[in-house]
Amino acid sequence: MESISGAYDPKKTESETYKKWEESGYFNPDNLPENKGENYIAYMPLPNVTGTLHMGHALNNTFQDILIRFHRMRGRKTLWFPGTDHAGIATQFVVEKQLKKEGTNRFALGREKFVEKVWEWKNQYGNIIYDQLKKLGISCDWSRVRFTMDDAYAKDVQNAFVHYYEKGLLYRGYRTVNWCPRCATSLSDLELEYKEEEAKLYYIQYGPFTLATTRPETKFGDTGLAVNPRDSRYKDYVGKELDIESLSTEGSLDTPQKKKNKIIVVADDAVDVEFGTGIIKVTPAHDLVDFEIGSRHHLPLVQVIDEEGKMTEHAGKYEGMKTADARKKIVEDLKTVGLLKKEEPYTHNVAVCYRCGHVIEPIPSKQWFLKMETLAKTALEAVKSGTVKIHPENFEKPYTAWLENIKDWTISRQIWWGHQLPVYFCKNTQEVISNSQFPISNKEKGKYIISLEKPKKCPFCKQCEMEQAPDVLDTWFSSALWPFAGLSESDQKKYYPGTTLITARDILNLWVARMIFSGIEFRGEVPFKDVLIHGTILTKDGKRMSKSLGTGIDPLKYIDMYGADATRFGIVWQASGQDIRWDETAIVAGKKFLNKLWNASRFVLTQAEKDDGQSLRAPNAKTDADTKILEAFSKIKTSVEKDIAQFEFSKALRDLYEFFWHEFCDVYLETSKKQLGEETTKENTAHILLFILRESLKLFHPFVPFVTEEIYGRCPFKDKKEFLMVESIL
RNA sequence: GGGCGAUUAGCUCAGUUGGUUAGAGCGUCACAUUGACAUUGUGAAGGCCAGAGGUUCGAGUCCUCUAUCGCCCACCA
């Protein structure tokens, strides 16, 4: 190698090398030589279009790239699907923030203009992460990059919706959902975060009882009282309708007054005997647990809070007040009429929106639901039977626990950015609502049909221009189809199902479980065989890395400082399974090692300047040192392959490192200097050096692809391939 | 509240079915200075393996409890 100074400089080669790889077409399995063994297919965990590279991506993609490169070099056709997720709420949130800066908002723009804006934003910033991933050296197939809102992809999403509908798995209904008044959308349980809040526990007189509540403003939505069936204190009241005195919603705000109300007492296990007074008010419209209790006991739903977090007409004179204000006023009034027994400070967790942090307001809302019972069973069975293996096995527990206790999936979202439902309403006819006896404030829509295309003529009134449902689908509904949606027919035939999915644990259920049942439902078999859950990279003091907390670390900084190989090395070196507290010194170790690899290669190449095929065959040993190094090599090759098959990347790298540095460089290279000086061993020693170098480059390549490719390019190997990337290991 | 996991050298971590003097990287100290590499070499210091109890001929490794920390799920009105 012509380098005069000893040091390896990644800056000089990495981007150039990546360009050559990309241009070679070998990231695309269609261009790979003949197929030995099964295809190897992986799916990139969809980064959000709003995302920029963080340590989690770096870890995940490095692992995935190791496997892809490893299998490619073993003659398998490898395909790694890249893409990004439109990330409904997250993206809408970012663009709304931008609009706010510009002094406007989405409502002023209108839906169509707003969605256009989001597309503009996506086209401008949505691909940044691709360039960042390229810097890391990952070898996914960019010719197959997809976005979850591409036309072809969207079509498959709509098809899935129609499919579920026709199968009878979709239904529409009122349900008390987690509602974010700020984002004006419902949120799934998984999209909530909890925040500790100092509140008050109010003890209110309710007929013969005193009960504790943190939310007195919901009292006008109370349609029952509940006690635990085993609570002897209230046994005699269960099933009775009581006529109790309570705060009236009539009259003027200045004069609080009492009024008699009828309310039923039910017995339900959800009630904790120990807490408060052991009796609760049931507000099915504004509490998720109460909703469940209410549906078990057929209690009506009375909505007293609307979508904007304000009191409805059912709150009488309190109508229009924000819930926080209403609470204050109602507490005051309860005090005035003598119904408030006492209040005490109370700390509890309140649900907040994971995007904007606004407090969640449970309200009843008309939503689309996907029945989960049978779908969940298929996903459960896939793992229980071992068709899909989760590594490490521990993660089967949260997976099965979630599926076994699954609730129907609320798939509609009231935002503008996403896949709009393929549902069309008639403007002139009224839909008959089966549960319309409930006083709900949602505006009703007309009759609807479900169709992939907008109908030319309304089948109901025969004259109106049908209106598409404003709701969009939950982002996860579309990402659940990722292993096949938007793929050409031939790709679906050739490249489904895949092999591995590598991801972080937090989306095991949100995403992985849903991909599994979607794959079974739409393609007839599971989308992948192995799911690898890797650890999370934490800050050095064990905190979660987060942009908002400012604790994030940018992998690009390290790539810039030390090069992509050293960064990959440092990540793999540390990421041995559990969560890791990030330590930059591992990258330093990587950097040093790359230099070692570089210089050892230079030495070998000065000793063996031409290759008549020596690098292709395992040579014979003539000395003890020869025997030792050849045995050590054979051992390391076997163990590395075993480790990678078991996803033990860190161990594989550490063992390789130990072999190359301490056994090959420290010992054999030093001995070789003597052996090269003696006629009897000279030639054979050079032969061994060349052989070990070539084989070591192959073994190291999946971990540190750039430097190994660069060295390989400078070697005089016989039967050299165009790239080390497509060298074969048998 | 339920579950999972962690606690080993100054720091970050290995330690695969229990078996002789517990390992690595980084850091520290001493010596070596141009021979592939000073992003180096040779060597050294540094650990009651969180604590207590138990099983065993033998425990960092298995069991129980305690303490501290982290994460996931559920959520209490």
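Residue numbering restarts at 1 for every chain, and letters A, B, ... go by the order of the sequence lines.
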What pairs of nitrogen or oxygen atoms, one from the protein and one from nucleotides 42-47 of chain B, lie under 3.5 Å apart?
none

Sort me out a list of protein N/O and nucleotides 12-14 of chain B N/O pairs below 3.5 Å, or just none if empty.
residue: U12(B); atom: O4'; partner: D583(A); partner atom: OD2; Å: 3.2
residue: U12(B); atom: O3'; partner: R581(A); partner atom: O; Å: 3.1
residue: U12(B); atom: O2'; partner: Q574(A); partner atom: OE1; Å: 3.1
residue: U12(B); atom: O2'; partner: R581(A); partner atom: O; Å: 3.3
residue: C13(B); atom: OP1; partner: R581(A); partner atom: N; Å: 2.5
residue: A14(B); atom: OP1; partner: S576(A); partner atom: OG; Å: 3.1
residue: A14(B); atom: O5'; partner: S576(A); partner atom: OG; Å: 3.2

Give every pair of a protein N or O atom and an N or O atom of nucleotides 31-33 of chain B that lie under 3.5 Å apart, one pair per line with the distance.
none

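In this structure E361(A) satisfies the salt bridge (charged side-chain N to carboxylate O under 4.0 Å, His left out) test together with R215(A), sequence neighbours excluded. D611(A) meets the salt bridge (charged side-chain N to carboxylate O under 4.0 Å, His left out) test with no other residue; sequence neighbours excluded. Applying the salt bridge (charged side-chain N to carboxylate O under 4.0 Å, His left out) rule to K384(A) yields the partners E404(A); only residues at least two apart in sequence or on another chain are considered. Taking the salt bridge (charged side-chain N to carboxylate O under 4.0 Å, His left out) definition, one finds that D287(A) meets it with nothing, sequence neighbours left out. K592(A) meets the side chain to side chain donor-acceptor pair (under 3.5 Å) test with no other residue; sequence neighbours excluded.
Of the C1' atoms belonging to G60(B) and U20(B), the separation is 16 Å, rounded to the nearest Å. Rounded to a whole angstrom, the distance from the P atom of C29(B) to that of G35(B) is 27 Å. Nucleotides A14(B) and A9(B) place their P atoms 12 Å apart, quoted to the nearest Å.
Under the 3.5 Å distance criterion, the side-chain polar atoms of N261(A) are left unmatched by any main-chain donor or acceptor of I244(A). At least one donor-acceptor pair closer than 3.5 Å links the side chain of T223(A) to the backbone N or O of P300(A).
Distances shorter than 4.0 Å separate some side-chain N or O of Y346(A) from OP1 or OP2 on A77(B). For K591(A) and C37(B), the shortest distance from a side-chain N or O to OP1 or OP2 is not below 4.0 Å. For K596(A), no side-chain nitrogen or oxygen approaches OP1 or OP2 of C37(B) to under 4.0 Å. Checking the phosphate oxygens (OP1, OP2) of U40(B), no side-chain nitrogen or oxygen of N599(A) falls inside 4.0 Å.
Listed nucleotides U39(B), A36(B), A77(B) differ in distance to L669(A); the shortest reach to its side chain belongs to A36(B). The side chain of A600(A) sits closest to A36(B) out of U40(B), A36(B), C75(B). Considering only the side chain of C665(A), A36(B) comes nearest among A36(B), A77(B), C4(B). In this structure, the nucleotide among C4(B), A77(B), U40(B) sitting nearest to the side chain of T213(A) is A77(B).
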Run the side-chain donor-acceptor check on residues 642-650 of chain A: report pairs under 3.5 Å with partners two or more places apart or on a different chain.
residue: D643(A); atom: OD2; partner: K651(A); partner atom: NZ; Å: 3.2
residue: S650(A); atom: OG; partner: V572(A); partner atom: O; Å: 3.0
residue: S650(A); atom: OG; partner: W573(A); partner atom: O; Å: 3.0
residue: S650(A); atom: OG; partner: R654(A); partner atom: NE; Å: 3.4

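Base pairing of C65(B): its partner is G51(B), meeting the Watson-Crick or G-U wobble criterion (both donor-acceptor distances under 3.5 Å). Across all strands shown, U40(B) forms a Watson-Crick or G-U wobble pair with A32(B), both key distances being under 3.5 Å. Shown here, G25(B) forms a base pair with C11(B); the pair counts as Watson-Crick or G-U wobble because both key distances fall under 3.5 Å. Nucleotide G70(B): paired with C4(B) (Watson-Crick or G-U wobble, both distances less than 3.5 Å). Pairing for A59(B) is absent, judged as Watson-Crick or G-U wobble with the two contacts each under 3.5 Å.
Applying the 6.0 Å contact sphere to CD of E343(A) captures more than 12 heavy atoms from other residues, nucleotides or ligands. Heavy atoms from other residues, nucleotides or ligands lying under 6.0 Å from NZ of K682(A) number 12 at most.
Residue pairs meeting the ring-ring contact (aromatic ring centres under 6.0 Å, His included) criterion with at least one member in residues 681-700 of chain A, sequence neighbours excluded, are F593(A)-F700(A), F633(A)-F691(A), F660(A)-F700(A). Within the structure, ring-ring contact (aromatic ring centres under 6.0 Å, His included) contacts touching residues 201-225 of chain A (residues at least two apart or in different chains) are F209(A)-Y234(A), F209(A)-Y237(A), F220(A)-Y318(A).
Residues of residues 688-696 of chain A having a heavy atom closer than 4.0 Å to RNA chain B: none are found.
In this model, no side-chain donor or acceptor of K592(A) finds a partner on the base of A38(B) within 3.5 Å.
Remark: K11(A) does not engage D9(A) in a salt bridge, criterion side-chain N to carboxylate O under 4.0 Å.
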